[in-house]
Amino acid sequence: MPSNNCYDVTTWPVGNPAKDVGEVINSIIADVKERQAATDVNDGGKPGAVIYIPPGDYHLRTQVVIDVSFLRIEGSGHGFTSSSIRHNVPEDEWPDLHELWPGGSRIIVDLPPAENGEEAKGAAFYIERSGSPRISSVEFSNFCIDGLHFVPDGSGLKAENTYVNGKTGIYAATANDSFRVTGMGFVYLENALTIYNADALSIHDNFIAECGSCIELRGWGQASKITDNLVGAGPKGHSIYAENHGGLLITANNVFPRGASSVHLNGVTRSSVTNNRLHSFYPGMVVLAESSENLVATNHFLRDHEPWTPFVGVDNGLDDLNGLLRVGGSNNTVVNNHFSEVIDSESIRPAGATPVIIRLTAGVGNFVSNNHVVAKDVHSTSSDSCFEAQVDALLTTEESEGFAVTAVMVDPASSRNTILDSGSDAQVIADRAVNAFRATPSIGF
Amino acid sequence: MPSNNCYDVTTWPVGNPAKDVGEVINSIIADVKERQAATDVNDGGKPGAVIYIPPGDYHLRTQVVIDVSFLRIEGSGHGFTSSSIRHNVPEDEWPDLHELWPGGSRIIVDLPPAENGEEAKGAAFYIERSGSPRISSVEFSNFCIDGLHFVPDGSGLKAENTYVNGKTGIYAATANDSFRVTGMGFVYLENALTIYNADALSIHDNFIAECGSCIELRGWGQASKITDNLVGAGPKGHSIYAENHGGLLITANNVFPRGASSVHLNGVTRSSVTNNRLHSFYPGMVVLAESSENLVATNHFLRDHEPWTPFVGVDNGLDDLNGLLRVGGSNNTVVNNHFSEVIDSESIRPAGATPVIIRLTAGVGNFVSNNHVVAKDVHSTSSDSCFEAQVDALLTTEESEGFAVTAVMVDPASSRNTILDSGSDAQVIADRAVNAFRATPSIGF
Amino acid sequence: MPSNNCYDVTTWPVGNPAKDVGEVINSIIADVKERQAATDVNDGGKPGAVIYIPPGDYHLRTQVVIDVSFLRIEGSGHGFTSSSIRHNVPEDEWPDLHELWPGGSRIIVDLPPAENGEEAKGAAFYIERSGSPRISSVEFSNFCIDGLHFVPDGSGLKAENTYVNGKTGIYAATANDSFRVTGMGFVYLENALTIYNADALSIHDNFIAECGSCIELRGWGQASKITDNLVGAGPKGHSIYAENHGGLLITANNVFPRGASSVHLNGVTRSSVTNNRLHSFYPGMVVLAESSENLVATNHFLRDHEPWTPFVGVDNGLDDLNGLLRVGGSNNTVVNNHFSEVIDSESIRPAGATPVIIRLTAGVGNFVSNNHVVAKDVHSTSSDSCFEAQVDALLTTEESEGFAVTAVMVDPASSRNTILDSGSDAQVIADRAVNAFRATPSIGF
């Protein structure tokens with residue numbers, strides 16, 4: 001029993017961490033609670049603990065349940081490698097591969113898949129505490145949570161490409177304060193991080209990829225930050241999602257495909273989506289649904305085509321009239337974003353349509369200014385090699401005539417917006433009688 | 001005596017870390033200095049050390065004095081929990097609380113309160129070294145410094161709500177280079193971080209809240225960064241303050257109430273305040289006093305009302321003509337900020353005044369462009385429940401007619417500024433004979 | 001042999017880490033490979049390892065060769081101190097110095113200098129692996145790599161001021177995925193970080209200074225981030241360089257002098273340079289060469305004079321017509337940057353020329369909007385004291401009449417650009433017949 005509150009899953013006497021690290025960690029948490037049962041009202045008595053996970057493979061067959069504050073679980077390696085690429089390598093080539101699996105301090109989630117409506121049961125780390133105060137300062141740092149396999153979803157996709165397995169990495173069910181998730185790796189989980197009712201949460205410098213959904217802030221919450229992460233979800237999921245949050249700062253993230261959205265906000269107010277690099281294969285990259293007074297600034301949006309053969313033909317179901325950025329709400333500020341739409345004009349849907357870049361669907365008083373749209377018509381190709389195909393596509397900027405786009409479309413349900421220097425007169429569809437407009441000057445102006 | 005320069009406060013033979021961790025750490029530093037007294041001019045000999053603070057409660061009754069470079073002090077948990085909420089819970093409910101105090105690797109500052117003018121004596125960690133070179137690479141990482149209680153200040157506020165106790169977390173008195181403060185928690189200190197004469201300082205990813213002042217860079221300095229922190233000071237203090245600094249980068253911070261200011265710069269030049277989320281209950285959120293050639297861009301400003309009953313009626317004494325952003329200096333760039341002013345118009349001071357958002361008080365040549373102001377008139381309410389009240393307030397965006405604001409006011413002492421697309425003609429008060437102006441286009445323009 | 005995959009260089013039985021930590025680490029890597037030779041196709045078997053470097057001085061006389069994934073090398077101190085200042089202190093003052101060398105967990109690179117064309121041989125850490133998959137999740141954290149001395153380069157500069165020694169800190173020669181470099185210190189290396197063919201690389205929160213070149217991303221790559229670093233290269237090198245990269249996010253860096261460039265992009269597409277603080281003593285601060293569809297936004301550019309006597313007269317050879325920001329490519333977005341040009345007008349080259357701030361040299365369709373240029377004429381001075389001289393220069397904003405600048409110059413080879421609110425009519429040199437232009441409004445407009 002460590003007198004200094006430092007635990008190591010490989011030396012704890014209860015359980016076998018290789019076979020079920022969940023049992024081990026739960027036993028450690030029970031020990032922390034037993035040893036810190038008394039509270040000294042003069043100054044303290046429940047400082048919590050750190051649980052160390054050395055590099056290694058640890059199956060988790062029992063869900064870890066966290067109901068103590070000040071618990072830090074840390075490893076020595078985020079351990080990401082692309083399982084998606086590997087699962088699409090023919091089996092007879094596996095003996096030639098250097099390694100088949102992620103690594104680092106690696107939790108292998110071996111829970112039974114959660115049934116519909118029982119999502120929380122599929123979580124490797126489950127956090128719940130009622131009463132007061134809210135659970136505080138739980139920290140996850142520098143280890144890997146690996147869901148191992150996806151399963152068939154009836155879509156006809158190969159099982160390992162479905163992004164479905166009913167597994168979640170970390171699930172916080174009740175109100176929480178000052179949590180931290182830093183330096184982690186998440187891979188092959190249907191949901192990486194699902195956090196309800198967060199206050200002053202920090203999700204910083206993680207690697208969250210090849211998961212159905214990556215970061216979901218649910219319920220309601222405030223004053224949190226999602227910063228400096230590498231993130232990329234699956235075609236049915238969210239890379240970054242928040243609902244009913246205020247004062248959320250989403251900045252400096254590099255969000256890669258293939259999430260159904262890059263950033264999806266629902267009922268979010270007075271928050272910032274700034275300074276991110278966002279890349280998607282579909283429309284609907286950033287969605288502000290019933291979300292008001294937010295700042296969307298200096299983001300780089302790139303929408304191009306899926307270049308990797310196993311996913312060609314997969315998409316999020318949205319056509320090109322949806323917009324890359326979709327604003328349904330009031331008084332938002334949308335400024336100084338760069339949009340590159342690099343697509344095969346033959347593939348535009350509905351056929352013959354003029355793709356929309358920014359679309360205001362509802363609300364009033366949005367300020368849309370100094371956004372720059374680049375549209376390039378490319379011949380869509382794909383390759384069996386994921387990395388090379390992606391880099392090739394990214395670097396392709398051969399001159400082309402481009403194609404016409406609607407830089408900004410304002411639906412009749414939205415009005416009293418101001419649209420400045422974000423497109424020519426022809427590129428902005430908005431009722432000038434109810435929206436203020438200044439066209440980007442053209443040559444000879 | 002560790003031959004590998006790794007120390008643990010719980011295993012060091014001198015002192016009792018639970019009773020006085022200050023004595024223990026000073027003894028360790030003395031050991032480092034004795035063991036590393038000789039310098040090998042060929043290549044080295046004074047590499048410094050790491051001092052580990054495991055999770056636990058450690059009273060500090062002797063100030064730690066640091067005068068060696070290359071010292072890292074690290075813990076395993078930032079340990080923040082809201083002491084402010086707990087101290088406002090009736091005492092008869094305490095037995096129902098899960099925990100009463102912060103935790104993690106927690107230093108409890110038990111120094112006698114500093115008298116006026118002897119502020120440095122109240123610092124848990126005091127850094128001073130004269131001579132050359134400047135002290136370098138002192139690092140603080142991932143532990144908690146807790147001031148435990150505030151004391152009566154004669155204001156009539158309950159003692160625990162005064163933000164006064166004469167205690168400081170970390171105080172650097174002399175010129176320093178390449179310091180790092182990362183992953184720390186600070187709570188219930190009158191001053192969290194006070195750093196004089198910093199060069200290439202990094203204050204990154206900390207949790208600094210419920211402190212009188214949070215980050216103060218004093219004296220002079222250059223080329224530092226304050227990035228990706230969660231910060232919130234008390235009504236008389238600064239969340240982020242710097243004086244006579246050049247090349248300071250303040251970005252990606254989430255600054256919450258209730259500091260007298262969110263960011264206060266005094267004599268600061270060629271620095272950046274970009275991409276922060278700033279929330280305050282008072283005017284005077286960002287102040288550039290005698291500060292020139294700075295960039296204030298893509299920040300989200302929210303000013304609303306104190307929603308938590310214990311602090312209703314407390315403010316920073318500034319009326320609504322002060323502006324949320326106040327610029328006294330020359331050649332600053334103020335662009336693409338979002339401002340939400342969400343207040344009860346009945347509470348505007350002076351009564352009947354038109355609140356000012358951006359105010360230029362002195363200087364020349366400021367460039368104010370493409371800022372977006374949203375004003376909403378709400379009925380001010382408060383609640384005994386801090387978190388719920390704050391979230392409720394944040395999420396409230398019910399439609400209202402709003403009220404008139406002065407988006408930009410240029411005082412006669414300021415001239416030759418350029419103000420573009422930051423308000424209508426009526427919303428900008430500036431002498432057009434000495435300032436360049438272009439109104440935000442209005443509908444039908 | 002550690003069963004838990006945690007190694008410590010000071011306790012490993014092979015080699016002497018003080019004399020040759022390279023031999024020790026290579027022996028550890030061999031042990032990892034031997035112990036993890038088998039792959040269990042069911043779930044894993046090659047999780048990698050962590051190698052700990054306690055604070056101390058470790059000579060590296062054998063290059064470390066890394067060809068395993070999931071290897072984390074970590075120390076307990078980035079250990080930077082200014083070797084540049086110390087090497088310019090007269091030798092008879094050395095006995096008065098507190099310390100002469102960097103510290104922390106310090107690797108002293110004692111490899112023989114690499115010959116021309118054999119640059120990789122001079123690397124302390126060399127990473128190479130062919131075959132599939134690409135090597136993944138190699139992490140470097142919180143230690144110091146020190147090149148110790150520079151050598152004469154024939155320029156007449158004092159040897160220790162040449163930034164030349166044929167040494168590299170970390171060199172990745174082959175395609176790699178999800179690498180991390182965090183919290184490191186690099187000093188007195190000709191090249192700090194040279195990474196070929198990176199995917200989802202994170203270079204975050206490092207201190208990289210007094211190196212010839214700091215960060216070079218070579219070959220090609222995608223979806224990486226260079227964030228929140230303190231960086232400053234030598235007059236012949238790059239602070240941040242990338243070639244043939246797509247989706248690179250360069251943000252929140254504080255880049256100080258004296259690199260030949262602050263950020264140099266060559267064949268880079270759809271990437272972001274946002275929100276950085278950039279300081280240089282020469283023109284050519286940010287270069288986009290054959291680079292398209294990038295976003296350069298809300299950066300603070302400061303160009304002033306070398307204030308430190310040992311380097312007065314050293315520069316990068318570019319005259320003032322080159323521009324501080326140079327764009328050779330198409331469809332880039334250059335918005336809301338602040339430029340301070342604070343120079344002695346007597347020193348402008350060619351004599352009598354009007355300095356250029358933003359120069360578009362080739363390409364089409366660039367969008368240049370709402371940039372703010374400040375030019376101040378100062379009397380150039382220098383001092384023997386590096387820190388004080390730099391701070392003095394930074395804080396100097398005495399009123400002066402300024403001097404004329406060309407805010408934007410569009411070469412004939414570049415056309416169809418849009419230039420808005422980035423300078424007066426006289427300050428923008430661009431053929432209005434082939435570029436769209438709107439002057440910043442002037443007083444009385």
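In the text below, chain A, chain B and the rest are named by the order of the sequence lines, each starting its count at 1.
- Residues A/T81 and C/S136 approach most closely at OG1-OG, 2.8 Å, considering heavy atoms.
- Taking 4.5 Å as the limit, every side-chain heavy atom of A/H98 sits out of range of all side-chain heavy atoms of C/S132.
- With a 4.5 Å cut-off on side-chain heavy atoms, A/P54 and C/V50 do not count as touching.
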Q) What do the steps show when you test A/E99 against C/R129 for salt bridge (charged side-chain N to carboxylate O under 4.0 Å, His left out), and what is the final call? A) CA-CA 12 Å; A/E99 63 257 341; C/R129 189 170 84 174; 2.8 Å; yes
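- Between A/H372 and C/N332 the shortest heavy-atom distance is CE1-O, 3.6 Å.
- Within the 4.5 Å cutoff, the side chain of A/N336 has no heavy atoms near those of the C/N370 side chain.
- Using a 4.5 Å cut-off between heavy atoms, C/A200 contacts chain A through both its backbone and its side chain.
- No side-chain donor-acceptor contact under 3.5 Å links C/R416 to the backbone of A/I443.
- Distance check, rounded to the nearest 0.5 Å: CG of A/L230 to OG of C/S224 gives 7.5 Å.
- Partners of A/S141 by side chain to side chain contact (heavy atoms under 4.5 Å, CB included), not counting sequence neighbours, listed by chain and number: A/R72, A/E74.
- Salt-bridge check for A/D421 with C/R438: passed, with a basic side-chain N closer than 4.0 Å to an acidic carboxylate O.
- Closest approach of A/T298 to C/A297, counting heavy atoms only: CG2-CB, 3.7 Å.
- Neither the backbone nor the side chain of C/D67 comes within less than 4.5 Å of any heavy atom in chain A.
- Looking at every heavy atom in both residues, C/C6 comes nearest to A/P55 through SG-CD, 3.8 Å.
- Closest heavy-atom contact between A/F80 and C/F70: O-CE2, 3.8 Å.
- At least one side-chain heavy atom of A/P441 sits under 4.5 Å from a side-chain heavy atom of C/L420.
- Between C/E293 and A/R277, no side-chain nitrogen of the basic residue sits less than 4.0 Å from a carboxylate oxygen of the acidic one, so the salt-bridge criterion is not met.
- For the set C/P133, C/S272, C/S369, the entry with the most heavy-atom pairs within less than 4.5 Å of chain A is C/P133.
- For C/A49, the part lying under 4.5 angstrom from a heavy atom of chain A is the backbone only.
- Annotation for C/E128: atom CD counts as buried by contact number, over 12 foreign heavy atoms lying within 6.0 Å.
- Scanning both residues, C/K225 and A/N229, for their nearest heavy atoms gives CE-C, 4.2 Å.
- The shortest distance between side-chain heavy atoms of A/H300 and C/S271 does not fall below 4.5 Å.
- Only the backbone of C/S130 comes within contact range of chain A, judged by heavy atoms closer than 4.5 Å.
- Both the backbone and the side chain of C/T274 come within contact range of chain A, with heavy atoms under 4.5 Å apart.
- A search for side-chain hydrogen bond (donor to acceptor under 3.5 Å, both in side chains) contacts involving A/H338 returns A/S340, C/T333, not counting sequence neighbours.
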